[in-house]
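Heads up: the structure comes next, in structure tokens.
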Amino acid sequence: MSRDKGGKHVCCVALRQSGDRRLDGDVKISLLITRNVAFKNHDKKFCSTLQELLAAIRASAGDEIKDLPAVKQKLWEELVHYNQPRIDRYADSLRDNLQAFKSAGLLDRIPPYGSDHQYPPYGNFEPTTFCGDPDIGPYSAVTHDAYMTFAQGRILELDNILCTKGRAWRRRLVEQTYAIRRMRSLQTLINSCPKPSVRHKLLRDIRFLGRLESCLRTFMEAALHIPGLAQLSIILIENLQPCSLSYELPPLVDTMQHLGQPLNTTTVRKFISKKWNVTKAELQFEQLQRKLSGKPLPTHAELQLILHITKTAYSENIREMYPYIGCSKLSCLLCAAFIKHFAPNGIAFRTRGSHGKIYPRWSIPDMDGLHDDMVTALDSALERMQNLLRSEFMKPIISTTHLPESSSGVTDDTDSMDDTDDDISVGKKELWEELLRYNQPRLDHCADCLRNNLKAFKATGSLDSIPHYTPQLSQNDDFEHRTFCDDPSIGPYSEATHDNYMKLAQKHILELDAILSVGDRATQRHLLADHAYPIRNINSLKIFINSCPEVSIRHRLLSDILALGRLMDCLVRACWMYRLGDLDYDTMQDFGFAVPVETRNSFLLYGLLLNGYHPNPSLPLCSDLYFEFGFVTGRGLEGEEVLPGVYRSLISRCSFTEFWTAFQSNNLVELMDEKGLGPERKKVLHFEDFMKIKRNHLRPSVWRLRHFVHSKDVEPPLSVLMDYGFFNCMTGGEIFSLKAVYKELLDSPRVDPMELHAACIKGELYNFARRHNPNLEQEFKTLMTNFYPLRNNTRWAGSSPSVLLCLVFFFLSILLAYLWG
């Protein structure tokens with residue numbers, strides 16, 4: 001029922017089974033379905049047809065009706081037609097990623113057997129799972145070419161289907177993707193693509209498209225074997241009337257007092273943001289409240305379903321409801337908390353799980369006619385939720401792992417929980433590969449040092465014997481069990497458990513030795529990365545190494561393991577912070593990204609592009625990239641819509657050194673043209689002029705204005721403050737209002753930013769804005785006044801304020817501070 005992508009189409013379903021539950025009894029099954037967006041006539045028509053077809057399939061189970069294939073085909077056609085919007089989205093994505101795959105030349109040649117890009121291996125390559133042609137035989141170096149040729153044929157078939165027209169192409173596409181989605185030969189071919197993002201997205205698209213036929217097979221299996229589906233009733237529940245905030249929301253200071261905390265710099269940085277002060281926190285809080293005030297507050301599909309069940313089915317028999325709710329996305333934190341604590345008559349529901357996000361417009365609608373027990377259960381659940389939120393809000397800020405919202409990937413008829421399409425985990429793996437590749441020299445140096453010192457350690461005979469129990473060796477260590485050993489079954493460290501701990505440490509050393517003897521450097525790096533990180537802080541390993549009689553050897557060996565472990569720790573933190581958009585400069589410096597800045601920024605841009613993203617000006621690390629790489633240019637959102645594709649094409653056609661040196665010398669435009677990307681980059685109106693200005697030279701301040709209006713920054717930079725009238729704003733509300741006016745202007749594809757820049761220099765900002773927004777309030781005329789036009793030297797006009805203007809602003813600030821006390 002979630003026939004399209006996006007939050008509006010999130011849906012939930014519950015099952016009610018009534019009547020005689022014996023297999024030969026009169027069992028009735030009802031499916032109750034809710035969706036975030038209201039159901040329409042085509043939804044109702046589809047459900048009506050679905051009921052009829054499932055009943056017909058069930059009726060044929062015992063009679064062997066000859067037209068069963070025809071009924072199945074009719075059901076298949078209905079599923080494809082109803083899910084057309086989602087199929088089209090996946091097909092468009094598949095078309096783009098297939099083109100990128102073809103551009104890499106992977107349909108014109110056979111990838112070598114056992115190449116690095118096929119790491120890690122896919123387990124046992126049985127012919128039945130490896131390829132749709134078991135006549136080729138077991139996968140090996142001898143049959144590799146035949147398997148790759150077979151897989152190339154399947155890719156070409158997909159490409160041909162996407163190029164055809166008519167009504168049948170969608171059905172052919174989903175049937176073909178279902179047939180090939182688990183072929184290991186296809187995965188091996190696709191994984192030979194050198195671009196991680198392309199191979200990940202291509203496999204993802206094929207698997208997503210293949211799920212619709214899994215749905216058909218599930219329907220057929222259920223209809224033939226579940227008696228109640230003969231009398232299936234699908235009930236589409238109307239959405240409850242959303243409520244609105246009819247009262248004034250409290251300011252941040254009152255909210256903090258409600259939570260038992262004062263509002264000061266310490267509490268802001270502990271509970272709200274480590275980088276904000278009180279003023280910025282209040283302004284951001286006020287801005288968030290304005291977004292909510294007076295707008296309808298939606299009720300999520302899970303709550304719609306549970307509230308409907310408990311209200312309408314209460315007088316019947318709520319125990320007939322199966323206590324599991326199927327959801328097309330994982331539940332948000334508030335829905336999960338409500339479901340956990342809302343249990344009328346002791347009946348609690350459950351879902352697949354939660355992605356942990358909080359949506360501020362979450363609400364429970366106003367309802368009347370509720371049973372007393374339901375009111376009591378609601379009050380109890382809300383009280384527990386408030387306690388939970390209060391507890392969560394009072395926890396210090398930490399970086400947390402993000403879970404994908406989608407619950408798809410675990411419902412395929414041959415899928416297992418280990419084979420889910422988790423975009424975050426796959427994306428993290430891609431970035432991990434890039435980080436390992438980029439840090440290859442450092443990893444290899446660490447490995448060489450470790451190899452030499454491990455050889456010296458073995459030469460002392462320390463690896464061949466278990467050292468005696470000597471507590472003095474560990475007197476400076478904190479022997480908590482969780483840091484002492486990765487085998488909790490051994491128990492606390494003592495004389496009795498000493499030998500077991502030492503054998504385990506000995507095993508870790510032997511594993512390191514075995515890894516260092518691997519001839520292939522790429523494989524060695526992966527194995528070291530996997531092994532060094534978890535053992536870096538194991539105290540039993542420290543005791544074992546400290547038993548070596550040679551002080552210098554044990555010191556160097558421990559230092560090598562710790563150094564390698566720290567590097568891995570840094571890369572792990574970088575990987576997660578990068579996915580969360582919170583990679584800090586200290587972390588960057590940890591693995592050698594301090595200088596040059598062009599190399600660091602180019603690497604960061606690569607990481608975003610290879611994971612399917614582009615710089616977000618609201619994220620601290622991405623903010624500079626958004627400006628420096630020109631995403632800020634163009635009319636409307638030209639830069640953000642066109643440039644990501646241009647940059648992705650560019651990095652696939654040049655080396656990393658070519659890229660960052662061109663960026664450093666302001667020659668990225670020439671590099672794009674050289675690689676055949678001139679026509680595409682020219683679609684962004686002012687990109688060329690922007691990128692040819694040296695980074696230590698002044699650029700027109702309108703680009704800083706666009707940067708500011710698309711970021712979360714509260715305070716505008718000085719050039720924007722002076723040129724665009726923000727120095728006239730006396731309150732945070734006026735700053736946000738003026739920021740919104742400029743954002744609306746700059747987001748319009750009809751407004752040339754450089755024309756706004758020209759109006760700024762002429763001192764005609766308000767008149768310019770009125771031409772594009774005739775309803776702009778008169779109050780903005782005062783706010784949009786600046787010091788232009790300048791009478792004399794205008795060389796630096798509109799780039800940054802002159803020294804005179806800075807001095808004027810400085811003395812005005814002192815005067816205002818004095819007047820305000």
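Side-chain atoms are counted along with the backbone in the values below, which use heavy atoms only and exclude waters and symmetry mates.
- Between Arg89 and Asp92 there is no salt bridge, since no side-chain nitrogen of the basic residue lies less than 4.0 Å from a carboxylate oxygen of the acidic one.
- Side-chain contact between Thr177 and Leu212: absent, with no pair of heavy atoms (C-beta onward) separated by less than 4.5 Å.
- Judged purely by atom type and a 3.5 angstrom limit, Arg35 has no side-chain atom pairing as donor or acceptor with the backbone of Cys11.
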Test log, rule side chain to side chain donor-acceptor pair (under 3.5 Å), inputs Arg352 and Ser331 | CA-CA 8 Å; Arg352 188 181 298 279; Ser331 300; over 6 Å; no

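- Both cation-pi conditions hold for Arg3 and Tyr82: the charged atom is under 6.0 angstrom from the six-membered ring centre and inside a 45 degree cone around its axis.
- With 3.5 Å as the limit, one finds a donor-acceptor pair spanning the side chains of Arg184 and Gln187.
- Checked by atom type and distance alone, the side chain of Arg170 never pairs as donor or acceptor with a backbone atom of Val80 at under 3.5 Å.
- A heavy-atom distance below 4.5 Å is not found between the side chains of Phe342 and Leu382.
- Annotation: side chain of Ile206 is not in contact with side chain of Tyr90 (no heavy-atom distance under 4.5 Å).
- Checked by atom type and distance alone, the side chain of Ser48 never pairs as donor or acceptor with a backbone atom of Lys44 at under 3.5 Å.
- Across all non-hydrogen atoms, the minimal contact from Leu32 to Leu305 is O-CD1, 3.6 Å.
- Between the CD1 atom of Ile29 and the CG atom of Leu232 there is a distance of 7.0 Å, given to the nearest 0.5 Å.
- For the pair Ser380 (side chain) and Thr376 (backbone), a donor-acceptor distance under 3.5 Å is absent.
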Asp205/Arg95 under salt bridge (charged side-chain N to carboxylate O under 4.0 Å, His left out): CA gap, chis, key distance, verdict | CA-CA 9 Å; Asp205 293 338; Arg95 188 179 290 108; over 6 Å; no

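- Ser273 places a side-chain N or O within donor-acceptor distance of the main-chain N or O of Lys275, the cut-off being under 3.5 Å.
- Between the Gln304 side chain and the Leu240 main chain, a donor and an acceptor come within less than 3.5 Å of each other.
- Under the 3.5 Å distance criterion, the side-chain polar atoms of Asp254 are left unmatched by any main-chain donor or acceptor of Pro250.
- Judged by distance alone, the side chain of Ser2 and the main-chain N or O of Ser328 form no donor-acceptor pair under 3.5 Å.
- Once rounded to the nearest 0.5 Å, the distance linking CD1 of Ile235 with CD1 of Ile33 reads 9.0 Å.
- Salt-bridge formation is detected for the pair Arg217/Glu213: a Lys NZ or Arg NE/NH1/NH2 atom is positioned less than 4.0 Å from an Asp or Glu carboxylate oxygen.
- A side-chain donor from one of Gln73 and Glu77 sits under 3.5 Å from a side-chain acceptor of the other.
- Two residues are said to be in side-chain contact when any heavy atoms from C-beta on lie closer than 4.5 Å; Leu54 and Phe219 meet this criterion.
- In terms of modelled atom types and a separation under 3.5 Å, the side chain of Glu78 and the main chain of Phe46 share no donor-acceptor contact.
- Between the side chain of Asn97 and the backbone N or O of Val198, no donor-acceptor pair lies under 3.5 Å.
- Using a 4.5 Å heavy-atom threshold, the side chains of Cys47 and Leu236 count as touching.
- Between Leu333 and Lys357 there is no side-chain heavy-atom pair separated by less than 4.5 Å.
- Taking the side chain as every heavy atom from C-beta outward, Met385 and Lys340 never approach each other to under 4.5 Å.
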Verify salt bridge (charged side-chain N to carboxylate O under 4.0 Å, His left out) between Asp96 and Lys201, making sure each step is shown before the conclusion.
-> CA-CA 10 Å; Asp96 294 341; Lys201 291 176 181 177; over 6 Å; no

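- Counting only heavy atoms from C-beta outward, the side chains of Phe39 and Glu238 never approach each other to under 4.5 Å.
- Summarising the local packing, NE2 of His9 is surrounded by more than 12 heavy atoms from other residues, nucleotides or ligands at distances under 6.0 Å.
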